[in-house]
Student: 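Pasting a structure here, questions to come.
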Amino acid sequence: MDFRDTVHWLPLCIVTIRNLGLRLAWYFLQIIVSAWYSISVVGNLFESYFVSCGILKKYKSLHLGNVRYLAIVIESEEAYQISKVVKLLQWLDSIGITNVCLYDMNGVLKKSKETIFQKLKKAKSIEEVSEVVTHGAPDHMTLEFLSYVDGKEAVAKAANLIFVENLKQHNLGGELDVQVFLESHLNEALQIVGSKGPAPDLLLVYGPVRSHLGFPAWRLPYTEIIHMGSLNYMRYGSLIKAIYNFTKVHQNYGKFSLY
Amino acid sequence: MLSLRLPVPLLNTLTPPNINIKPINITLSSQTHPPIVSKRISNTAPPSAAIREEGTAVAGESPESLPAELVAELMPKHVAVIMDGNGRWAKLRGLPESAGHRAGLKSLAKLAKLCGSWGVEVLTVFMFSTQNWLRPKEEVDPLLRLAETALISTTECMKMEGIRFSVIGDLSDAPRSLQRLVIGASKDTKHNSRLQLIVAASYSGKYDVVQACKSVAEKVKDGILHLDDINENIIEQELETKCTEFPYPDLLIRTGGDFRVSNFLMWQLSYTELYFTSVFWPDFGKDDFLQALISFQQRKRTYGRRESQ
């Protein structure tokens with residue numbers, strides 16, 4: 001090989017080695033990132049286990065002052081697993097959560113109300129209690145069951161109620177005032193048509209999708225929404241962690257600068 | 001730190017792609033199923049003009065091609081964004097809050113460009129809520145002035161780029177000058193069709209429902225509707241999002257680390273995929289949007305129905 005061949009061959013060789021080196025470095029980086037992700041998933045599993053066992057001290061005592069009303073959205077297909085739903089409610093009871101709203105789009109949980117109340121002796125329906133106790137330590141859990149009809153349909157019914165009342169006044173000689181619609185009137189009308197529960201502070205979604213699946217939107221303006229994954233894989237540690245993280249959140253409701 | 005997008009497939013390329021050094025996004029990761037690797041079909045978005053960061057058009061700037069990680073057929077038609085974190089972004093850098101909002105506008109311009117290039121038809125952004133009027137005047141007034149400046153500098157650009165500008169919300173308390181600019185920009189761009197940019201200003205989800213009910217009441221008063229006709233569909237038709245063909249967002253992105261919708265598009269979000277990230281809005285860029293879209297495309301959206309239906 002003469003000098004010219006060497007001059008041509010050498011840069012090509014360098015480029016090839018460089019490209020090979022970069023490719024190896026890229027593969028190595030991907031392996032590290034994949035490994036790190038796997039460690040992170042395993043770490044989460046262990047953390048959940050340690051939280052369940054009470055090993056992690058910070059999760060031992062939860063200050064539940066901010067969790068006055070908790071909502072659970074369950075994807076309707078998974079809502080048929082009533083034993084899991086009952087277990088979830090028992091966990092919440094043991095944590096100290098006393099006011100829970102259960103929602104699934106198709107009303108599967110509503111239909112299983114009796115079964116759930118049979119298994120949770122201390123629980124009462126929201127219809128039975130005169131008002132939801134949001135402070136103090138009530139001796140029972142209050143359960144509210146909702147489905148899709150309690151969302152947009154309820155708002156339409158409430159709106160209709162306001163129209164009808166307004167028309168009655170018009171017929172009695174009053175003026176038909178379309179400006180009668182204020183947020184406060186709609187709130188009152190919703191109570192009358194049966195939408196009694198307050199806005200949840202925290203909403204936990206169990207299911208494959210990260211969506212609230214039609215939960216009554218009127219009640220969700222400032223609700224914290226946490227996706228918990230499938231009900232099939234629910235874990236006590238994850239539940240504690242979600243509630244703990246929520247208790248650390250500061251809400252300014254849009255009024256003040258968020259720093 | 002690396003952008004987290006896993007599991008990471010081994011790419012068969014001679015030169016590796018750029019490694020993104022970004023803060024890690026805290027997403028609502030399910031602690032059960034690992035993410036499913038999306039199909040890797042390379043597609044390019046329809047040709048479209050690009051928007052420069054400052055909102056001025058750049059003739060001949062090529063559109064962003066659709067990344068290989070995304071499937072064109074699974075792109076959301078309507079993306080909604082709660083642009084949170086401008087103030088905290090500025091504070092971290094020792095800058096005034098207005099600097100955060102200016103940086104936020106640049107992020108919005110970039111996102112609009114990406115949406116237009118990647119086939120998103122509607123982008124709705126939450127700029128200012130009804131509750132924000134309760135903030136100190138020293139904070140609100142500069143924001144309104146910034147909005148006026150932005151509209152003046154970007155209206156021509158939007159006209160050229162095929163962006164249709166719309167505003168939802170109650171601007172009756174806003175300065176007249178801003179109201180005139182909004183009306184002008186909406187009118188000048190109404191025939192554009194590449195991307196509809198809806199800005200929610202002085203808006204809240206509850207306000208939207210209430211004004212829809214008022215509209216329905218007007219129609220009942222005028223004899224156009226009967227009381228018996230009123231149902232949720234009638235109310236839906238009167239919501240302010242009637243300005244678009246696709247009123248229901250497929251994907252909602254909230255930046256800034258909070259996990260709530262803050263009274264934004266409440267009626268419209270029933271089946272919307274919710275994506276929360278800790279990245280502050282001025283830092284939300286192409287990679288972050290890509291991660292949100294990958295997460296969206298991996299989800300099984302059943303709209304509440306069983307898989308067998």
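Per chain, numbering begins at 1; letters A, B, ... match sequence-line order.
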Student: Below 4.5 Å from any heavy atom of chain A, which atoms of B:E236 appear? Answer side chain, backbone, both or neither.
Tutor: side chain
Student: For B:S215, is it the side chain, the backbone, both or neither that has a heavy atom under 4.5 Å from a heavy atom of chain A?
Tutor: neither
Student: What residue, out of B:I235, B:L252, B:D228, B:L92, has the most heavy-atom pairs lying under 4.5 Å from chain A?
Tutor: B:I235
Student: Taking salt bridge (charged side-chain N to carboxylate O under 4.0 Å, His left out) as the test, write out the residues that go with A:R219, two or more places apart.
Tutor: A:E144
Student: Side chains of B:S262 and B:R254: is there a donor and an acceptor less than 3.5 Å apart?
Tutor: yes
Student: Heavy-atom pairs under 4.5 Å with chain B are the metric here; pick the option from A:N160, A:D104, A:V205 that has the most.
Tutor: A:N160
Student: Tell me the closest heavy-atom pair linking A:W218 and B:K206, and the distance in Å.
Tutor: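 Heavy-atom minimum between the residues: O-CE, 3.1 Å.
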Student: With A:D150, which residues qualify under salt bridge (charged side-chain N to carboxylate O under 4.0 Å, His left out), at least two apart?
Tutor: A:K110
Student: Using a distance-only test with no angle check, is there a side-chain donor-acceptor pair under 3.5 angstrom linking A:S230 and A:E78?
Tutor: yes
Student: Need one label for A:Y148: side chain, backbone, both or neither, based on atoms under 4.5 Å from any heavy atom in chain B.
Tutor: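 Just the side chain, heavy atoms under 4.5 Å.
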Student: Given a strict heavy-atom distance threshold of 4.5 Å, which part of B:L269 is in contact with chain A: side chain, backbone, both, or neither?
Tutor: both
